[in-house]
Amino acid sequence: MTELIELYQFIYWYLDGYGRFELHDGVIIEMQPTGTNEQVSGFSQIKLGVQIEKNNLPYFVSDNILLNV
C-alpha cells in the first residue's frame with residue numbers, strides 16, 4: 001500500500017521542479033503531456049502573459065513555471 005503524502009511534503013519533494021508531477025488525493029502521479037493538456041497549458045500561458053503585460057507586473061511565464069523577476 002502506498003503511503004499518502006500531504007501538500008507540504010510534495011512541495012519539498014518537488015523543489016527541483018524536474019519532470020511533471022501532480023499530487024492527487026495524497027499520491028504523486030507523473031503527468032503525461034497529451035494534446036488536450038498541452039492546449040490548456042498553452043492557452044493558460046497566453047492569457048496569463050497578457051495579464052502580466054497589461055498590469056505591468058514583474059513576472060514572466062516560462063514553459064513550466066511562473067517567475068518573479
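Numbers here simply count residues along the sequence, with the first being 1.
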Is there a path of hydrophobic side-chain contacts, each under 4.5 Å between heavy atoms of I, L, V, M, F, W or Y residues, that connects [X] with [Y]?
X: Phe43; Y: Leu48; answer: no
X: Leu23; Y: Met31; answer: no
X: Ile11; Y: Phe21; answer: yes
X: Val61; Y: Leu57; answer: yes
X: Ile5; Y: Leu7; answer: yes

### Query
Quick check: does any side chain N or O of Glu53 sit under 3.5 Å from a backbone N or O of Val50, one acting as donor and the other as acceptor?
no
### Task
Go through the steps for Trp13 and Gln9 under the test side-chain contact (heavy atoms from CB on, under 4.5 Å), then give the verdict.
CA-CA 6 Å; Trp13 174 83; Gln9 293 169 306; over 6 Å; no
#### Entry: Between NE2 on residue His24 and CZ on residue Phe10, distance to nearest 0.5 Å
12.5 Å
### Task
Side-chain contact test, heavy atoms from C-beta onward, threshold under 4.5 Å: evaluate it for Ile52 versus Phe60 and give yes or no.
no
